[in-house]
Amino acid sequence: MLRNDFVWGVATSSYQIEGKDEKIPQGECVWDTFIKKEGTIFGGHNADVACDELHKYKRDIPMMANLGIKAYRFSLNWARIIPDGTGRINQEGINYYREVLELLNKYNITPYITLFHWEYPQALFDKGGWLNPDCVEWFGEYAKVVAENFSDLCTNFFTINEPQCVINLGHSLGIHAPGVKMPIRETLQMAHNLLKSHGLAVKNLRKYSKKEIKIGYAPTCGVAYPSTDDPKDIEAARKVYFGFENDIDNWGWNVSWFLDPVVLGEYPKEGLEKFKNYLPKISPEQMKKDLELINQPLDFIGQNIYNGYEIKALTNSKNNSYYERVERYPGFPKTSIQWPITPRAFYYGIKFLSEKYKLPLYITENGMACHDSISADGKVHDPNRITFLDSYISAMQQASDDGADVRGYFLWSILDNFEWANGFDERFGIVYVDYRNQKRIIKDSAFWYKNVIESNGKCLSINDKSNEIIVEDVSETNDYMSLSENETIKFNTIYINDNIDCIKEGLTFIVYEGNAILNSSVLYKGAKVSVPKGLTDICLLGECDIKII
């Protein structure tokens with residue numbers, strides 16, 4: 001079971017939900033510029049209104065409280081607080097976020113602030129962005145302002161969300177803002193600067209906060225999970241997950257490069273070898289100083305996990321590979337955004353991260369995009385999302401039961417919202433947003449999640465005591481005299497005698513303690529039989545192997 005103090009939350013980001021208002025001025029961020037380019041966003045959508053959270057938060061936060069939400073992870077728009085990225089502070093922006101925090105605290109929803117969820121000020125990008133070495137001081141200054149203005153109302157902070165996407169999608173592939181394709185050497189330099197920025201932010205948050213706070217960091221990546229539970233498959237998957245198997249052009253999509261320096265204080269040797277022809281030229285002395293800055297003590301780490309890919313160990317491979325990537329079978333389950341549904345990846349991602357980094361772990365994002373629509377009854381029924389969440393959260397509990405130090409779960413997302421390059425085409429929320437009128441409709445999954453929170457996960461399928469038994473094998477036998485003579489047998493002897501012709505054919509009956517027949521139908525290999533809650537004993541008449549599922 002999960003810890004009694006397990007944190008159940010939801011997550012959003014500022015750019016995806018807030019929208020704009022001239023009364024709360026802000027500077028532009030790189031996404032404001034990116035969406036103006038033709039063909040960058042599905043349907044030509046923009047986030048000028050998004051979920052209108054600048055005005056709807058006074059209704060949405062009470063709604064969250066009514067749904068039992070205990071924690072809310074949201075990001076600040078850097079350019080709303082400091083319009084030019086550095087210098088002048090926008091008091092209207094400060095006031096807005098303080099009002100949000102005050103309302104969250106009023107409703108006993110614990111806030112978790114993310115400093116940076118891709119809302120990079122355009123003014124700073126124009127000065128070189130993450131490639132400019134001054135970016136470290138820029139981000140450090142921003143962290144100082146955040147600490148001075150919000151630490152009295154918030155205890156928990158994440159520095160940077162999904163640095164892999166910032167570098168890889170925004171600056172290597174160019175499919176996210178700012179939409180540029182930089183050389184590999186430059187993106188490696190940007191990643192190094194970003195990690196240094198994280199380090200200075202941690203230092204400044206602690207230095208300028210008005211009370212003791214807790215700080216984490218929220219990277220991401222697809223999970224390599226083993227094809228079977230054979231130790232060889234598990235070890236192969238672990239090696240791939242923390243390794244550098246991707247092509248050099250896709251170098252940024254990995255775990256270790258963005259976590260090892262932060263938590264372990266060094267870049268992974270495998271990555272240093274693979275990237276040796278592209279690494280920034282930094283002296284050993286300077287690198288030592290940089291790593292000391294990057295490797296600031298953290299209270300926890302976050303990880304955004306949505307899916308993964310299956311790995312099988314190989315021996316005697318023709319190309320000397322130690323693994324193969326197992327192809328998904330035809331009809332493999334997937335979400336509306338075409339992401340595979342892989343709860344097994346959730347289990348192993350949590351397990352691998354906890355084992356390697358040995359810090360408390362929060363799942364900072366997990367959820368499912370569905371083809372949600374309003375039904376004739378005016379409601380939004382999303383059973384597929386409930387099935388997805390149940391399987392993933394159950395896998396998380398299993399990882400916890402097996403020793404992983406997982407402390408909290410933030411469902412993505414509380415609201416349908418602006419999904420970056422996909423615009424409003426994808427719906428991840430457990431609350432439906434009608435973008436024509438900003439009406440909110442609570443989906444079935446939100447009520448289901450409320451039950452999960454209230455029961456601390458006891459209502460999950462992994463904890464359902466109404467199990468089934470599955471017959472593994474059935475052997476013909478007529479030797480019932482070998483069974484002990486007890487009340488159960490005496491009671492069911494009447495039934496057996498009435499059906500003796502069937503019994504002589506060697507069929508097996510299952511009964512349970514309490515003088516009642518659990519199932520009297522023909523049992524065969526693979527048959528499933530429901531077992532009622534509170535079952536204390538199973539007695540078999542005949543011979544068969546069973547397992548609880």
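Everything numeric here is computed off the predicted structure, so don't read it as measured data.
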Practice item. Could you tell me whether His45 and Phe418 have their ring centroids closer than 6.0 angstrom? Key: no

Review point. Got a second to check how far Ile82's CD1 is from Lys144's NZ, nearest 0.5 Å?
Key: 9.5 Å

Practice item. Please examine the side chains of Asp152 and Lys211, heavy atoms only from C-beta on, and report whether any two atoms are closer than 4.5 Å. Key: no

Exercise for review: Would you kindly check if the NZ (Lys) or CZ (Arg) of Lys443 is within the cone defined by 45 degrees around the ring axis of Tyr432 and under 6.0 Å from the six-membered ring centre?
Suggested key: no

Check your understanding: Do the side chains of His171 and Trp130 get nearer than 4.5 Å, heavy atoms only?
Key -> yes

Check your understanding: Is the Tyr120 to Phe125 ring centre distance short of 6.0 Å?
Key -> no

Exercise for review: Quick one: closest heavy-atom pair of His371 and Ser336, and the distance?
Suggested key: NE2-CB, 3.4 Å

Check your understanding: Do Asn95 and Glu99 have side-chain N/O donor and acceptor atoms under 3.5 Å apart?
Key -> no

**Study point:** Expected output: side-chain Gln296 to main-chain Leu293 donor-acceptor under 3.5 Å
**Key:** yes

Practice item. For Arg185, look at atom CZ and say whether over 12 heavy atoms of other residues, nucleotides or ligands are found less than 6.0 Å away. Key: yes

Check your understanding: Taking atom types as modelled and ignoring hydrogens, do the side chains of Thr364 and Gln303 form a donor-acceptor contact shorter than 3.5 angstrom?
Key -> no

Review point. Shortest non-hydrogen contact from Leu115 to Phe139?
Key: CB-CZ, 4.1 Å

Practice item. May I ask you to check whether Thr86 and Glu141 show a side-chain donor-acceptor distance below 3.5 Å? Key: no

Exercise for review: Consider only side-chain N and O atoms of Trp448 and Asp390, and report whether a donor and an acceptor are under 3.5 Å apart.
Suggested key: no

Check your understanding: Taking Gln438 for the side chain and Ala50 for the main chain, is one N or O donor matched with an acceptor at less than 3.5 Å?
Key -> yes

Review point. Any side-chain heavy atom of Phe242 sitting closer than 4.5 Å to one from Asp260?
Key: no

Review point. Does Arg436 pair with Asp434 as a salt bridge, N-O distance under 4.0 Å?
Key: yes

Check your understanding: Is the ring centre of Phe244 less than 6.0 Å from the ring centre of Trp251?
Key -> no

**Study point:** Gap between atom CE of Met396 and atom CG of Leu361 - 0.5 Å precision
**Key:** 10.0 Å

Point to revise | Residue pair Leu124 / Trp78, side-chain heavy-atom distance below 4.5 Å | key: yes

**Study point:** Salt bridge flag under 4.0 Å for residues Asp382 and Arg427
**Key:** no

**Study point:** Ring geometry between Phe158 and Phe410 (parallel below 30°, tilted from 30 to 60°, perpendicular above 60°)
**Key:** perpendicular

Check your understanding: Under a 4.5 Å cut-off applied to non-hydrogen side-chain atoms, are Val452 and Leu460 in contact?
Key -> yes

Check your understanding: So, are Arg98 and Glu148 salt-bridged, with charged N and O less than 4.0 Å apart?
Key -> no

**Study point:** Asn254 and Asn246 side chains, donor-acceptor separation under 3.5 Å
**Key:** no

Point to revise | Residue pair Asn307 / Thr342: nearest heavy atoms and the distance that separates them | key: CA-OG1, 3.2 Å

Check your understanding: Would you call the rings of Tyr72 and Phe74 parallel, tilted or perpendicular if under 30° counts as parallel and over 60° as perpendicular?
Key -> parallel

Point to revise | Stepwise salt bridge (Lys or Arg N to Asp or Glu O under 4.0 Å) test for Asp377 and Lys379 | key: CA-CA 5 Å; Asp377 60 3; Lys379 300 178 181 179; 5.1 Å; no

Point to revise | Heavy-atom closest contact (Ala421 atom, Ile175 atom, distance) | key: CB-O, 3.8 Å

Check your understanding: Is the shortest heavy-atom distance from the side chain of Tyr392 to the side chain of Ile363 under 4.5 Å?
Key -> no

Point to revise | Residues Lys36, Glu28: salt bridge by 4.0 Å N-O rule | key: yes

Review point. Hey, is Arg440 close enough to Asp60 for a salt bridge, meaning N to O under 4.0 Å?
Key: yes

Exercise for review: In plain terms, say whether Asp299 and Arg206 are close enough for a salt bridge, that is, a side-chain N and a carboxylate O under 4.0 Å apart.
Suggested key: yes

Check your understanding: Does the ring centre of Tyr309 sit less than 6.0 Å away from the ring centre of Trp253?
Key -> no

Check your understanding: Under 4.5 Å between any side-chain heavy atoms of Thr220 and Glu365, yes or no?
Key -> no

Exercise for review: Considering only NZ, NE, NH1 and NH2 on the basic side and carboxylate oxygens on the acidic side, decide whether Lys106 and Glu102 come within less than 4.0 Å.
Suggested key: no

Check your understanding: Can a salt bridge be assigned to the pair Arg80 and Glu92 using a cut-off of 4.0 Å between side-chain N and carboxylate O?
Key -> no

Review point. Under a 4.5 Å cut-off applied to non-hydrogen side-chain atoms, are Met368 and Leu389 in contact?
Key: no

Exercise for review: Answer yes or no: is there an ion pair linking Asp372 with Arg385, defined by an N-O contact shorter than 4.0 Å?
Suggested key: yes

Check your understanding: Going through the distances and angles, do Lys20 and Asp32 end up as a salt bridge (Lys or Arg N to Asp or Glu O under 4.0 Å)?
Key -> CA-CA 11 Å; Lys20 297 181 180 180; Asp32 293 315; 3.0 Å; yes

Review point. What heavy-atom pair brings Ala71 and Tyr112 nearest, and what distance separates the two atoms?
Key: CB-CE1, 3.8 Å

Check your understanding: Should the heavy atoms of other residues, nucleotides or ligands under 6.0 Å from NZ of Lys203 be counted, would the total exceed 12?
Key -> no

Practice item. Carefully, step by step, assess Tyr57 and Tyr96 under the rule ring-ring contact (aromatic ring centres under 6.0 Å, His included). Key: CA-CA 10 Å; Tyr57 74 94; Tyr96 165 68; 5.5 Å; yes

Exercise for review: Identify the heavy atoms of Leu103 and Pro62 that sit nearest to each other, and give their distance.
Suggested key: CD2-CD, 4.5 Å

Review point. Do Phe116 and Trp118 have ring centres separated by under 6.0 Å?
Key: no

Exercise for review: Would you check if the side chain of Ser197 reaches a backbone N or O of Asn193 as a donor-acceptor pair within less than 3.5 Å?
Suggested key: yes

Review point. Is there a donor in the side chain of Gln122 and an acceptor in the side chain of Thr33, or the other way round, less than 3.5 Å apart?
Key: yes

Check your understanding: Does a side chain donor of either Asn366 or Tyr409 reach within less than 3.5 Å of an acceptor in the other side chain?
Key -> yes

Review point. Counting only heavy atoms not in Asn437, do more than 12 sit closer than 6.0 Å to its CG atom?
Key: yes

